Amino acid sequence: MFDGVRVDGDVKALSTRFRAGDHDALEECFHRWAGLVHAMALRRLGEAHDADDVCQQVFVSAWHGRHRLTPSETAFPAWLLAIARHRIADRFQERLRERRRVLAVAESGAAEAISTGGEMMSADALVVRQFVDELTEPRRTVVRLAFFHDLTHEQIADRLRIPLGTVKSHSRRGLLQLRDRLKEVDDVTP
Amino acid sequence: MSRLESHPDEELLAAVALGDLDDLDADQLEHVQVCPDCAAVIAELREVATLASAAGQVTAMAAPPGVWQRVEHETSGHRADRRRHLSWVAAAAAVLLAGGGFAAGRWSTSGEQSTSQVMARARLDPYGTHRTTGAAEMRRDAGRILVDVRASRLGSGTGPREVWLINTDGKRMVSLGFLRADGRGEFEAPAELYAKGYRIVDVSQESYDGNPRHSGDSLARGTLTRV
């Protein structure tokens with residue numbers, strides 16, 4: 001509870017209900033993470049209607065395959081993003097097939113430009129943003145001020161009127177948490 | 001215990017990654033300079049810190065409008081079956097009632113036979129301090145307009161929840177009726193309402209005071225847009 005993460009069992013309880021087939025849990029899950037999934041898809045696919053479709057497919061796939069989810073504090077978003085990677089890849093395959101059908105030689109260059117290292121960096125930034133948004137206070141504010149707004153720890157301690165040591169602790173533990181969450185996202189094999 | 005075996009706590013490595021060496025003693029400072037494991041952790045944390053800075057540039061990631069309805073429809077297979085049955089029963093009942101009776105609408109489904117055609121949809125977003133969300137769908141069915149509304153997280157109010165169509169002029173509104181306890185309702189509306197500008201769907205918390213006017217306490221609101 002004082003770790004800066006939302007109340008223990010929050011995500012775990014949600015994922016337990018989800019796995020058990022509670023449709024309201026699907027809705028909560030959607031409201032919580034659809035923005036992130038959509039932003040990921042939009043970043044890779046570049047078109048809103050494609051991103052909408054992928055977003056829909058991800059949550060429908062998640063629901064139909066919910067027996068594969070192991071409920072835990074952190075697994076849910078990582079699992080969703082793994083599904084999203086699959087659906088995004090499927091969409092790319094469809095586009096390539098469409099392009100070949102059209103036999104537009106000029107477009108073959110565009111097909112190769114689909115995935116670049118630059119895009120993956122941005123995808124991680126989206127994930128980090130989501131995890132920062134899910135931190136509890138005061139860690140979320142400390143992390144935002146330190147990383148988004150570049151304030152020093154002294155400035156943050158001053159502004160929030162909390163001890164410098166507490167600010168440093170939130171900032172450091174926040175960084176460690178973000179690393180762990182990113183690792184989990186990257187580790188989940190689709 | 002050799003210095004190389006006693007890695008500093010990860011929190012101190014995070015401090016180093018953030019450029020803050022004040023809290024490390026001399027041994028620890030020396031350790032992190034020579035230990036490859038710690039160096040790897042610090043390098044990784046520095047990358048995460050860079051990502052976190054970039055994350056600050058990310059604009060809000062809102063759930064895409066309209067997508068939830070599609071997900072809900074695709075995952076509510078058993079509900080669609082129940083609705084088919086209910087709307088058959090209600091349609092039969094509507095025939096028996098004098099005109100203006102309650103008509104049970106159906107969420108349009110691609111798999112079902114349906115004569116209705118979706119005209120417009122709205123996502124209902126929380127209003128004020130409430131957390132109510134929902135959706136509305138307006139369909140044309142054989143000369144009538146049907147409005148299906150669904151809302152959840154209705155809060156702890158004890159009175160009924162009323163559904164309104166507010167005109168875009170912000171001055172006029174009509175009541176469509178009340179939601180059921182499950183937060184859903186299907187309403188019939190005069191055909192020309194949409195064309196006349198009544199497009200803002202509003203769900204209000206009412207009380208049993210017998211006053212037909214809008215209480216002023218909106219739970220959620222959204223604007224119907226043509227599909």
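None of the values given here were measured: they were computed from a predicted structure. Residue numbers begin at 1 in each chain, while the letters A, B, ... track the order of the sequences.
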TODO: Calculate, to the nearest 0.5 Å, the distance between atoms CG and CZ belonging to B:Leu51 and A:Arg129 respectively.
DONE: 13.5 Å

Open item on the list: Quick check on the interface: out of B:Gly66, B:Ala63, B:Pro65, B:Pro64, who has the most heavy-atom pairs with chain A under 4.5 Å?
Closed with: B:Pro64

Open item on the list: Which one wins on heavy-atom pair count under 4.5 Å against chain B: A:Leu36, A:Leu175, A:Asp53?
Closed with: A:Leu175

TODO: Identify the two heavy atoms, one from B:Thr75 and one from A:His23, that lie closest to each other, and give their separation to 0.1 Å.
DONE: OG1-NE2, 2.8 Å

Task: From B:Glu10 atom CD to A:Asp180 atom CG, the distance as rounded to the nearest 0.5 Å - done: 7.0 Å

Open item on the list: I'd like to verify something: which residue of A:Lys168, A:His31, A:Glu27 has the highest number of heavy-atom pairs under 4.5 Å with chain B?
Closed with: A:Glu27

Task: Distance, nearest 0.5 Å, that separates OG1 of A:Thr152 from CG of B:Leu18 - done: 12.5 Å

Task: Residues B:Asp23, A:Arg172: salt bridge by 4.0 Å N-O rule - done: yes

Task: Part of A:Gln57 lying under 4.5 Å from any heavy atom of chain B - done: neither

- [ ] With a 4.5 angstrom heavy-atom cut-off, could you sort out which part of A:His149 is near chain B: side chain, backbone, both or neither?
- [x] neither

Open item on the list: Heavy-atom cut-off 4.5 Å, strictly under: side chain, backbone, both or neither for B:Glu44 against chain A?
Closed with: side chain

Open item on the list: side-chain contact (heavy atoms from CB on, under 4.5 Å) for A:Val60 and B:Arg70? Distances and angles first, verdict last.
Closed with: CA-CA 9 Å; A:Val60 172; B:Arg70 288 148 61 176; over 6 Å; no

TODO: Among A:Phe59, A:Phe30, A:Trp63, single out the residue with the greatest number of heavy-atom pairs under 4.5 Å to chain B.
DONE: A:Phe30

Task: Note, A:Asp124 side chain near B:Val48 side chain (heavy atom, < 4.5 Å) - done: no

- [ ] Select one option (side chain, backbone, both, neither) describing which atoms of A:Leu26 are under 4.5 Å from chain B's heavy atoms.
- [x] both

Open item on the list: Between A:Glu28 and B:Arg153, does any NZ, NE, NH1 or NH2 come within less than 4.0 Å of an OD or OE carboxylate oxygen?
Closed with: no

Task: Which atoms of A:Val132 approach chain B - backbone, side chain, both or neither, heavy atom under 4.5 Å - done: neither

Task: Segment of A:Leu178 engaging chain B (4.5 angstrom heavy-atom cut-off) - done: both

Task: A:Arg179 side chain vs B:Leu45 backbone, donor-acceptor pair below 3.5 Å - done: no

Task: chain A contacts, top residue of B:Gly56, B:Ala14, B:Ala55 (heavy-atom pairs, under 4.5 Å) - done: B:Ala55

- [ ] Would you indicate whether A:Phe148, at its atom CZ, is surrounded by more than 12 heavy atoms from other residues, nucleotides or ligands within a distance under 6.0 Å?
- [x] yes

Open item on the list: Out of B:Ser152, B:Ala15, B:Ala17, return the one with the most heavy atom pairs under 4.5 angstrom to chain A.
Closed with: B:Ala15

